[in-house]
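A note on names: the letters A, B, ... follow the listed sequences, proteins ahead of strands, and every chain is numbered from 1.
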Amino acid sequence: MWPYGIKLLWSPVVDSLYFSKCGRRKTWIIPLQLVVAAVLWYISQHLQHWLESYDVATLAIWFGAIVLLSATQDIAVDGWALVMLSRRNLSHAASAQTIGLTAGYFVSYTLLLAFSSEAFGSIISVPSYMRFLAVCFVVRFLSIALYSPNLCTGRDVDVTHPKREA
Amino acid sequence: MTSCSRHRGRHSHHARSAAPASAARGVLKTHEIAGSRCVECMDRVTAKKEGEPTAERNFVCSGLRNRMDAACNSDVHVLDASVNNSSKVDASPSPSSTALPADDHPDLTGERGRFMLLVTLYALQGSLLGLASGTLPFIIQACGFGSEFLYSFDYVAGKADFLFSSRFVQICNVAVRYQVAVVAGR
């Protein structure tokens with residue numbers, strides 16, 4: 001959770017640097033989702049080995065990287081939420097964040113608790129769940145990149161020039 | 001003669017609705033206009049009339065009609081005869097109507113897809129957080145650390161997380177991001 005607390009250190013970079021063809025937010029969201037999916041898939045392949053060899057440093061680094069990437073994506077998504085919704089529905093952006101984060105956290109955390117059960121652990125393992133998450137990220141990436149072109153630059157307003165769209 | 005009980009003698013707001021005059025297309029029979037509504041004040045025509053020339057669609061009440069007749073001696077615009085139905089109201093509400101203002105309570109109309117997109121994005125982030133948080137105890141125990149260390153670690157991490165997630169830090173985050181964006185835009 002620490003990357004979420006210190007993300008203010010690089011959040012100005014995320015807000016400022018972007019490709020105009022892609023949009024201020026999607027410039028970061030799309031590649032981040034691909035990277036997260038790749039990292040999840042890689043961890044799922046080596047997790048069992050790292051646990052058996054008690055390689056704490058490697059585990060900490062990779063899981064820290066996941067949270068770091070998630071925090072960076074959170075910066076972009078928070079900014080996107082402000083311009084995606086109309087002014088009258090801006091209050092729902094906070095609702096979306098609360099609902100989404102709580103639901104996702106609940107699913108992952110509770111599922112991991114269930115893994116402590118031998119019966120449940122024999123059906124689904126942590127690596128298989130991580131591969132499932134990687135697929136979810138890829139699906140979300142495809143839906144944003146391919147099926148939501150209007151969200152790219154339609155409402156992405158340059159904060160320095162409110163009348164100019166990024 | 002038709003009557004418009006609400007706006008008798010007061011029709012300044014109707015001036016802009018005076019459409020170009022058109023040739024009369026025929027005489028409207030009495031039963032065809034009974035029950036029709038004035039498009040400006042939405043009052044129903046209470047009386048029947050005969051010999052009223054038909055032209056366009058909009059039906060005006062007698063006060064305006066008199067003024068139009070005096071001004072240009074043009075044809076009176078009348079309601080479409082097909083609107084002679086109590087369940088059907090012609091034309092759009094006029095500013096002079098007593099219709100309630102539109103409810104501006106946010107209802108995500110037309111933006112439900114975008115709202116769900118945000119929810120799924122945050123859900124994926126939350127799943128990563130849950131994965132990292134939920135896996136950590138297993139990792140620590142797998143590495144041979146006992147429950148006491150786990151509890152101490154959780155206590156310290158929780159306090160540190162509270163510190164970094166404080167409202168002050170969040171406000172600073174927003175302020176710094178905005179300032180840098182302003183500088184970057186120059």
Original post:
Between atom OG of A/S143 and atom CG of B/L121, what is the distance when rounded to the nearest 0.5 Å?
Top reply: 7.5 Å
Original post:
Do A/W41 and A/L47 share a hydrophobic cluster (ILVMFWY, side-chain heavy atoms under 4.5 Å, transitive)?
Top reply: no
Original post:
Atom CG in B/L124, atom CG in A/L101: separation rounded to 0.5 Å?
Top reply: 10.5 Å
Original post:
Which bit of A/V36 comes within less than 4.5 Å of chain B, counting heavy atoms only: side chain, backbone, both or neither?
Top reply: side chain
Original post:
Residues two or more places apart in sequence or in another chain: which of them pass side chain to side chain donor-acceptor pair (under 3.5 Å) with A/T27?
Top reply: none
Subject >> Per-residue contact mode, A/L17 against chain B (heavy atom under 4.5 angstrom) >> reply: neither
Original post:
Does A/F137 belong to the same Ile/Leu/Val/Met/Phe/Trp/Tyr cluster as A/V139, with side-chain heavy atoms less than 4.5 Å apart forming each link?
Top reply: no
**OP:** Answer with side chain, backbone, both or neither: which region of A/V107 has an atom nearer than 4.5 Å to a non-hydrogen atom of chain B?
**Re:** neither
Original post:
Could you give the distance from NE2 (A/H92) to CZ (B/R114), rounded to the nearest 0.5 Å?
Top reply: 14.5 Å
Subject >> Interface residues of residues 127-134 of chain A facing chain B - non-hydrogen atoms under 4.5 Å apart >> reply: A/Y129, A/M130, A/L133
Subject >> In one Ile/Leu/Val/Met/Phe/Trp/Tyr side-chain cluster, 4.5 Å: A/V35, A/I43 >> reply: yes
Original post:
If you take all heavy atoms of B/S127 and A/S108, which pair is closest and at what distance?
Top reply: O-OG, 2.7 Å
Original post:
What about A/V14 and A/I6, same hydrophobic cluster or not, with Ile/Leu/Val/Met/Phe/Trp/Tyr joined at side-chain heavy-atom distances under 4.5 Å?
Top reply: yes
Subject >> In one Ile/Leu/Val/Met/Phe/Trp/Tyr side-chain cluster, 4.5 Å: A/F19, A/L34 >> reply: no
Original post:
Roughly how far, to the nearest 0.5 Å, is CD of B/Q125 from CG of A/D78?
Top reply: 7.5 Å
Original post:
Looking only at heavy atoms, what is the nearest atom pair of A/Y105 and B/G130, with distance?
Top reply: CD1-N, 3.5 Å
Subject >> Partners passing side chain to side chain donor-acceptor pair (under 3.5 Å) against A/S44 (at least two apart in sequence or in another chain) >> reply: none
What pairs of donor and acceptor atoms, side-chain ones from residues 56-70 of chain A against any protein atom, are under 3.5 angstrom apart with sequence neighbours left out?
from  : atom 1 : to    : atom 2 : distance (Å)
A/T58 : OG1    : A/D55 : OD1    : 3.0
A/T58 : OG1    : A/D55 : OD2    : 2.6
A/S70 : OG     : A/Y4  : OH     : 2.6

Subject >> A/D74 vs B/Y122, side chain to side chain contact (heavy atoms under 4.5 Å, CB included): CA-CA, chis, key distance, verdict >> reply: CA-CA 8 Å; A/D74 185 66; B/Y122 282 120; 3.5 Å; yes
